[in-house]
> 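Submitted below is the structure of interest, expressed as structure tokens.
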Amino acid sequence: MDSLSGTTTPRPPEVKIPREDCSQFFKADSELSISRTRLSIYIGADMQKIISLVLLALVGCGGSSTPVIPPTTGDFVKNNDGVGTARVFGIDFSVRVNSSGASTDDVIHADFVEPEQSSARKRFTLGDDITIQLDSVDESEVRFMFNDQDFGTLNVGDKVVIDDERHVEVNGTPRSPELAE
């Protein structure tokens, strides 16, 4: 009851939002009621989206909101004195090269709503004849392409060495291209 006019103000219906369906945050019509231990706060429609976003950030939507791509912190590609070195997705590369130069091309799609839909691709060249492409599989594994040949998967922390004859070793074990099926 309103103490000044003596009339009863109707309460809008209470909105209950399941943790796993945050899309309902954005579907309320006029006012949003947030109840916690008998305390009700009524806010206007103008503030609804701001409060909803804050609540969404604080409460979360169930599940992880971190994109499932390998780490990119510390990534680099360089070519010095005939040796190309790189750290990409937490994987170390050492390559004998016959010319100078290095380049990179990165495409990262980070989906915070559906993290499993995230993807990342890093492609880099060393010298004139080395092209390496890594496509994320999940947060710790990538598909490894060397000069357009599929060499299987690598894991964060692996060490890849490519010699003068372009033989590939992963963690000291020789690796050959996978046969297309």
> Do the side chains of F144 and V168 get nearer than 4.5 Å, heavy atoms only?
yes
> Suppose we screen for side-chain hydrogen bond (donor to acceptor under 3.5 Å, both in side chains). Which residues come up paired with S103, at least two apart in sequence or across chains?
T125
> Rounded to the nearest 0.5 Å, what separation is found between the CG atom of N147 and the CD1 atom of I132?
8.0 Å
> Go through the structure and list residues passing side-chain hydrogen bond (donor to acceptor under 3.5 Å, both in side chains) with N98, not counting sequence neighbours.
none
> State whether D164 and R96 are salt-bridged, where the test is any N-O pair (Lys NZ or Arg NE/NH1/NH2 against Asp/Glu carboxylate O) under 4.0 Å.
yes
> Given the rule that I, L, V, M, F, W and Y join up when any side-chain heavy atoms are under 4.5 Å apart, are M145 and V170 in one cluster?
no
> Write out all pairs satisfying salt bridge (Lys or Arg N to Asp or Glu O under 4.0 Å) with one or both partners inside residues 165-177, taking only residues at least two apart or from two chains.
D129-R166
> Enumerate the salt bridge (Lys or Arg N to Asp or Glu O under 4.0 Å) contacts for residues 97-108, please, sequence neighbours excluded, ordered by first and then second residue.
D106-K122
> Starting at OG1 of T173, measure out to NZ of K159 and round the result to the nearest 0.5 Å.
13.5 Å
> Could you state the interatomic distance from CD (Q133) to CZ (R123), rounded to the nearest 0.5 Å?
5.0 Å
> If I take atom NE2 from residue H109 and atom OG from residue S136, how far apart are they, to the nearest 0.5 angstrom?
10.5 Å
> Measuring from atom CD1 of I162 to atom CG of L126, what distance do you get when rounded to the nearest 0.5 angstrom?
8.0 Å
> So, using side-chain hydrogen bond (donor to acceptor under 3.5 Å, both in side chains) as the criterion, who are the partners of T131 when residues are at least two apart?
none
> What residues form a side-chain hydrogen bond (donor to acceptor under 3.5 Å, both in side chains) with T153, not counting sequence neighbours?
E141
> Which atom names give the shortest non-hydrogen contact between V156 and P71, and what distance separates them?
CG2-CD, 3.7 Å
> What residues, two or more places apart in sequence or in another chain, satisfy ring pair (Phe, Tyr, Trp, His ring centres under 6.0 Å) together with F146?
F151
> Under the salt bridge (charged side-chain N to carboxylate O under 4.0 Å, His left out) rule, collect the residues that match up with R143, sequence neighbours excluded.
D150, E178
> Under 4.5 Å side-chain heavy-atom separation, chaining through any Ile, Leu, Val, Met, Phe, Trp or Tyr, what else clusters with V107? Say none if it is isolated.
none
> Please give me the minimum heavy-atom distance between F76 and V88, naming the atom from each residue.
O-CG2, 4.2 Å
> Show me the side-chain donor-acceptor pairs of residues 77-86 shorter than 3.5 Å, one per line, residues at least two apart or across chains.
residue: N79; atom: ND2; partner: S99; partner atom: O; Å: 2.9
residue: N79; atom: ND2; partner: G101; partner atom: O; Å: 2.9

> Could you work out, with salt bridge (charged side-chain N to carboxylate O under 4.0 Å, His left out) as the rule, every residue matching R121, not counting sequence neighbours?
D135
> Identify which one of V160, I130, D158 satisfies the side-chain contact (heavy atoms from CB on, under 4.5 Å) criterion when paired with F93.
V160
